[in-house]
Amino acid sequence: MFVLAELKDTVRILPWKFEQKLNDAITDELNRKLANKVYLNVGLCIALHDITKIEESYIFPGDGSSHTKVLFRFIVFRPFMEEILIGKIRSCSIDGVHVTLGFFEDIVIPPHKLQHPSRFDQVEQAWIWEYDTGDGEKHDLFMDPGEIIRFRVVSETFTETLPSGPNVSSDTFEEPEASNISPYTLSGAIDEPAVHISMYHRMLHL
């Protein structure tokens with residue numbers, strides 16, 4: 001679930017931070033810049049692990065800050081494909097079951113990856129698994145928000161998002177609308193027999 005990613009960057013240290021040790025200033029700046037942000041095609045950055053190399057620092061004309069090339073390793077959230085994770089159901093929609101891990105919420109289990117057969121209840125806003133009890137009867141198991149769920153990671157999607165500028169076509173300034181596109185999403189599955197049994201026992205509180 002968590003990996004160490006080797007990265008490199010040029011770190012800009014402002015003049016009033018020169019009184020700090022260089023390692024401490026670089027650590028603070030890297031965590032400020034990357035922690036809790038998605039690095040394209042790498043994953044969700046959690047925290048700096050260590051600094052492996054610090055090259056010489058430069059101060060350019062007209063800029064009192066120092067610029068230092070740094071090689072470092074960052075703790076990154078990026079599950080491998082087919083990994084089994086445990087989360088909680090955040091909500092349900094016609095698009096599937098939305099899952100949260102607490103620190104990461106852009107996880108969806110699409111309808112075709114739910115237990116079969118399942119149906120979506122518009123009134124309850126919940127997916128319902130029609131569990132076959134084995135005696136010709138079916139028992140409705142609701143996938144309610146807050147329920148613990150075990151799922152398998154089947155795909156990931158990175159999307160490059162760019163900040164939008166102000167609306168210049170209007171006479172008045174308007175704040176740009178926040179983008180609803182997530183830079184990193186995971187798709188899961190719970191359509192396997194082992195997952196079926198696990199969820200069945202949890203939902204019946206056995």
Side-chain angles (χ1 to χ4, degrees), residues 1-9 11 23-52 70-115 125-127 129 141-164 176-192 194-196 198-199 201-203 205:
M1 182 163 62
F2 296 101
V3 297
L4 280 180
E6 296 184 352
L7 305 172
K8 61 180 178 180
D9 196 4
V11 179
N23 274 45
D24 294 340
I26 290 175
T27 297
D28 290 345
E29 183 60 22
L30 287 174
N31 279 321
R32 183 198 66 80
K33 185 176 181 180
L34 295 176
N36 203 32
K37 295 181 176 64
V38 172
Y39 199 110
L40 188 65
N41 296 325
V42 174
L44 175 66
C45 296
I46 304 299
L48 180 69
H49 182 266
D50 59 11
I51 298 172
T52 57
V70 181
L71 299 178
F72 56 95
R73 294 189 298 175
F74 224 88
I75 301 172
V76 173
F77 168 73
R78 188 179 185 181
F80 57 84
M81 294 301 101
E82 307 300 321
E83 182 174 359
I84 303 297
L85 300 180
I86 298 176
K88 286 185 178 182
I89 297 176
R90 181 166 58 90
S91 64
C92 293
S93 71
I94 195 65
D95 296 324
V97 176
H98 304 271
V99 181
T100 177
L101 298 179
F103 63 93
F104 185 77
E105 296 190 339
D106 295 313
I107 305 169
V108 63
I109 302 172
H112 67 280
K113 288 297 184 179
L114 297 173
Q115 303 97 327
Q125 287 294 296
W127 279 92
W129 174 25
L141 297 179
F142 286 74
M143 303 180 201
D144 294 320
E147 289 281 356
I148 295 175
I149 187 171
R150 180 182 284 110
F151 64 96
R152 178 170 53 89
V153 178
V154 294
S155 68
E156 63 180 3
T157 303
F158 285 94
T159 304
E160 188 171 7
T161 58
L162 299 175
S164 57
E177 295 183 1
S179 174
N180 292 325
I181 300 175
S182 173
Y184 180 46
T185 57
L186 295 176
S187 180
I190 54 173
D191 56 349
E192 299 175 358
V195 180
H196 287 190
S198 177
M199 174 170 284
H201 281 275
R202 281 197 302 276
M203 287 186 170
H205 305 289

Testing the basics here: between Ile89 and Cys92, what is the closest heavy-atom pair and its distance to 0.1 Å?
CG2-SG, 4.2 Å

Non-hydrogen atoms of Leu85 and Pro79 that approach each other most closely:
CD1-CG, 3.8 Å

Verify side chain to side chain contact (heavy atoms under 4.5 Å, CB included) between Gln115 and Ile190, making sure each step is shown before the conclusion.
CA-CA 6 Å; Gln115 303 97 327; Ile190 54 173; 3.3 Å; yes

Does the side chain of Asn36 reach to within under 4.5 Å of the side chain of Phe104, using non-hydrogen atoms?
no

Measuring only between side-chain heavy atoms, which start at C-beta, is Ile148 closer than 4.5 Å to Ile86?
yes

Nearest 0.5 Å, please: how far is CG in Asp9 from CG in Leu30?
6.5 Å

Are Asp191 and Arg152 close enough that some pair of their side-chain heavy atoms sits under 4.5 Å apart?
yes

Give me the atom names and distance for the closest heavy-atom approach of Ser182 to Asp106.
OG-OD2, 2.8 Å

Show the nearest heavy-atom pair for residues Gly87 and Leu101, with the distance to one decimal.
CA-CD2, 3.8 Å

I'd like to know if the side chain of Trp127 reaches the main chain of Ile94, judged simply by a donor and an acceptor atom lying under 3.5 Å from each other, with no hydrogens or angles considered.
no

With a 3.5 Å distance limit and no angle check, can you tell me whether Glu147 reaches the backbone of Asp144 through a side-chain donor-acceptor pair?
no

Under 4.5 Å between any side-chain heavy atoms of Val38 and Phe158, yes or no?
yes

With a 4.5 Å cut-off on side-chain heavy atoms, are Ile46 and Phe2 touching?
yes

Output for pair (Leu48 CG, Ile26 CD1), nearest 0.5 Å, gives 10.0 Å

More than 12 heavy atoms of other residues, nucleotides or ligands under 6.0 Å from CD of Glu160: is that the case?
no

Minimal non-hydrogen separation, Leu40 against Thr159, with atom names:
CD1-C, 4.3 Å

Exceeds 12 heavy-atom contacts within 6.0 angstrom, atom NZ of Lys8:
no

For Glu156, side chain to side chain donor-acceptor pair (under 3.5 Å) partners two or more places apart:
Arg78, Tyr184

Do Cys45 and Lys37 have side chains that get closer than 4.5 Å, going by heavy atoms?
no

How many angstroms lie between atom CE of Met143 and atom CG of Leu114, to the nearest 0.5 angstrom?
5.0 Å

Plane angle bin for Phe103 and Phe77 - parallel if under 30°, tilted between 30 and 60°, otherwise perpendicular:
perpendicular

Approximate separation, where rounding is to 0.5 Å, of Ile109 CD1 and Leu186 CG
11.0 Å

Tell me whether the count of non-hydrogen atoms from other residues, nucleotides or ligands lying under 6.0 Å of CD in Glu6 goes above 12.
no

Minimal heavy-atom distance between Val99 and Phe151, with the atoms involved, is CG1-CE2, 3.8 Å

Can you confirm whether Phe72 sits close enough to Leu34 that some side-chain heavy atom of one is under 4.5 Å from a side-chain heavy atom of the other?
yes

